[in-house]
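Reviewing the structure listed below.
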Amino acid sequence: MNVVTVSKTEQIIKDIQPRPFGKVGKIWLGFLIAICIVGSYAYYCQLRDGLVVTAMGDYVSWGIYISNFVFFVAISLVGSLITAIFRLANIHWSTPITRIAEIIAVSAIFFASLIIIVDMGRPERLYNLFLHPRLQSPIIWDVVVIGTYFIISLLLLYLPLLPDIKILLKQSKEMPGWMRKFYSWLGSFWTGSKVQKQINNHSIKILSIMIIPVAFCIHTVTSWLFATTYRPGWDSTNFGAYFVSGAFLVGAGGVVTAMYVFRQMYQLSDYITDKHFDRMGKAVVLLAFLYLYFNVNEYLVPAFKMKKPEEIHLTELFSGHFAPMFWFAIIVGMLLPIAILITKSGRKPMMVFIAGIMVVVGAWFKRYLIVTPTLLHPFLPMQDVPDKFRTYFPSWHEWAIAFGSLAGALLVITLFARIFPVIPIYETIIGEDENEEHLI
Amino acid sequence: MKTKNILFNLSIVLFFATSLLCALHSQSDSIAPVVKKKAILKLSYFSVENQIQFLNFKGLIKTKDKLEPIAYRPIHLYINEASDEKNKIGDFVTNDQGRIQSVISPVFADVWKTNNPITFIARLDSVDEMGTLETETEITKAKIKLDTLFEDEMRKVVAHVYTLEDTNWIPAKDVEIKIGVQRLASVLPINKEASLTTDSSGQAVTEFVLDSIPGDVNGNIQLIAKIEDHELYGNLETKFQVPWGKSSHFVNSHFEGRSLWARGDRVPIWLAFLAYTIIFSVWGTLIYLIIQVLKIRRVGLEKH
């Protein structure tokens, strides 16, 4: 067993504790805020003028808002993968990245909820969904599951944070007053007593168990929003598993990207080591193969039968209007990351970061391809409709809102990293030495 | 001989020149054929229940072998005189089928009351190379009154057509009128007579031979009388409700029962049980965990 000295502990705290933004951090923050402001203005225009400002119409009634929603839901699943599954499986090497995963999960699920409201023509009528719920509708299942997942993720973020807050409060002389007050409000009551630890560990264990089925539900139910509709491209019994596997992949891609950024920005290479990238790289390869398997299922089976409406849809994807985007999503989102990460030299931090970005960008386009082409290929032919109904390209309002929401999610993650440690301090110290009594 | 040769050569040159000119002319025809276009404009007047008056416009352009709608073009409708802007009913844009429809606003009540016959004018600003196009329709005010009669143990429908002359409504004779029963998407004739013509008293009588025709819950059906595209009166229709149908009892059991496609309060028991069990179990656990957080807080504060 390693014996951790007080100086070593102090070093860990010093290394991990949140720091004020540097020049790059401030530019990044300003950039995100600017995009959010443009997105908010676009949403103001949409509220003022209605959904007419979007390019959505009678056929494509779900555009990039819903693609974005599915993307956010997918990426939020990472919280359950890293935090819960690894924790329950006693995989200790994942400790430094659990909080990163949980931050991504909370911000993504929060913006998933927001983007659904953005897609509503009359958001002020949202309360009717709760006053007059229709339990038969997958939409109400989704609302319930998203709300539940958000609360679980928030608790799973908060409970392991309590010991860290106490440690940070001890360093309060070096931090701004508002931060000290905020920490005090959040966790000054944590004394680290045996009873508190017992309750905390017990609660985290319950949450870790509970979040797995809820996480599977959230993405399965989201897939059912599509699969319970009889349309080419959506009419599939495979959709739940297809969505869940894709969500794990994009979530893992998101985590490796964030790992690299935090490691570089906060000089955390002693904590987020090459080994973490190597192992997460392997996980990404496994998940990419899994998602590829479901993709083959999803396209091969209908392509083998080639029913007429499916034929039109698949031809558009494989060699038609959507082909460049489709092959981009497959090659950049799955095949290239596999090719990069399958070798040991490819699992170096920088390469893993590049592969992670590829996975995330490919995943966003994949969600767009799940939503839009199907809506443009209804079973009944489009007749006597204006030409603009036959195509869909998002308006600037939609782009601004979509990018605004993505920037918003990144802003939440950035601000969280400013206020809280991105690596659990307490668990890291415990990992070094179980005898932590002298600390708290 | 020399003169003959000159004449011969001249005639040959003339022949070739003429042929060339003809060929060029025919070629120029084939390169840019002059396509004659003809506008077909129709402005129709409608009066429903002797109360609601509206106008329908349809515009088409006929080329050599095609008939195309005058789509998405500005059009102005006028009452009585197109020269006075006060008489403008409104500015419109034709739809993809070259049609527009407009009610006659109550603003024109005075013009409507003081004029008979009355003229409606439709003017299109600029249609391709055809310039401004205009059409008009003149109508004499008329109305239909529907009634029923039980005579010789037969149900009969009586339609009276009146036309306005000065300030008096007088019977309109020799007007072709159709009488039927209004169904969902069309009019069902009530006997074999396709149409009737009013007599000198402006009346047309016909037998109602339909029995066991489905009506509403109380057996009511809507009789309808129509005058279509009359040169003087335009299009008129009026309805009259009679209890001559068979009472219909709608089977709602499919919609009233509990099913996946029913409304919210008709959720299947198994689904409600399953859903609420999951929701209450999960949220029960969450509430327990929130209580645990409060317990951690309480324990901490007690120790302080």
Side-chain angles (χ1 to χ4, degrees), chain A residues 128-138 140-141 143-145 147-156 158-159 161-163 165-166 185-211 213-214 217 221 228 383-387, chain B residues 58 60 67-73 92-101 254-304:
Chain A
N128 283 313
L129 198 70
F130 303 97
L131 285 184
H132 313 286
R134 200 173 158 272
L135 216 54
Q136 298 98 314
S137 165
I140 197 82
W141 307 344
V143 169
V144 172
V145 178
T148 310
Y149 189 73
F150 178 66
I151 299 292
I152 296 175
S153 298
L154 214 56
L155 282 172
L156 208 47
Y158 177 61
L159 287 173
L161 200 62
L162 282 172
I165 290 173
K166 190 68 185 176
W185 179 72
L186 275 178
S188 60
F189 52 84
W190 180 264
T191 57
S193 70
K194 201 177 171 187
V195 182
Q196 279 188 326
K197 279 184 194 167
Q198 214 169 18
I199 300 170
N200 201 22
N201 290 339
H202 177 65
S203 302
I204 290 171
K205 196 177 257 182
I206 292 175
L207 283 167
S208 300
I209 295 167
M210 202 162 77
I211 201 170
V214 175
C217 277
V221 168
T228 50
Q383 285 176 333
D384 295 331
V385 295
D387 277 346
Chain B
K58 185 179 181 184
L60 297 167
L67 207 56
E68 284 182 345
I70 305 174
Y72 310 117
R73 294 284 176 173
F92 309 88
V93 175
T94 55
N95 66 8
D96 58 335
Q97 294 168 359
R99 290 173 188 269
I100 63 147
Q101 187 175 64
H254 293 305
F255 299 99
E256 291 302 316
R258 291 182 178 275
S259 66
L260 285 174
W261 55 87
R263 47 180 207 269
D265 60 345
R266 293 273 182 263
V267 58
I269 299 287
W270 63 265
L271 178 64
F273 175 76
L274 208 67
Y276 286 126
T277 306
I278 294 169
I279 290 169
F280 287 123
S281 320
V282 173
W283 275 91
T285 314
L286 275 180
I287 290 165
Y288 165 75
L289 290 169
I290 291 165
I291 292 168
Q292 293 304 300
V293 173
L294 296 174
K295 205 170 159 185
I296 292 173
R297 186 184 157 81
R298 202 184 60 231
V299 169
L301 292 176
E302 275 170 8
K303 211 171 179 184
H304 274 302

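These figures come from a predicted structure and were not determined experimentally. So that the names make sense, note that chain A is the first sequence line, chain B the second, and so on, each numbered from 1.
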(message) Would you compute the distance between atom CG of B/L289 and atom CD1 of A/I206 and round it to the nearest 0.5 angstrom?
(response) 5.0 Å
(request) Tell me, out of B/I278, B/L271, B/D265, who's got the most heavy-atom pairs with chain A below 4.5 Å. (result) B/L271
(message) For a 4.5 angstrom cut-off between non-hydrogen side-chain atoms, does A/L159 reach B/I296?
(response) yes
(request) Would you mind telling me which of A/H132, A/M210, A/Q198 has the largest number of heavy-atom pairs within less than 4.5 Å of chain B? (result) A/M210
(message) Please report the interatomic distance CD1(B/I291) to CD1(A/I199), rounded to the nearest 0.5 Å.
(response) 12.0 Å
(request) State, yes or no, whether a side-chain contact exists between B/K295 and A/V195 at a heavy-atom distance under 4.5 Å. (result) no
(message) Return the CG to CG distance between B/L286 and A/L207, rounded to the nearest 0.5 Å.
(response) 7.0 Å
(message) To the closest 0.5 Å, what do you measure between CD1 (B/I279) and CG (A/L135)?
(response) 6.0 Å
(request) Taking all heavy atoms of A/T191 and all of B/G300, pick out the closest pair and write down the distance. (result) CG2-O, 3.9 Å
(message) Taking B/R263's backbone N and O only, do any of them form a donor-acceptor pair with A/Q136's side chain (distance below 3.5 Å, no angle check)?
(response) yes
(message) Between A/L155 and chain B, with a heavy-atom cut-off of 4.5 Å, which part of the residue counts as in contact: side chain, backbone, both or neither?
(response) side chain
(request) Without swapping roles, check the side chain of B/R297 against the backbone of A/S188 for a donor-acceptor pair under 3.5 Å. (result) no
(request) Determine the option with the most heavy-atom pairs under 4.5 angstrom with chain A, choosing from B/D96, B/V267, B/V282. (result) B/V267
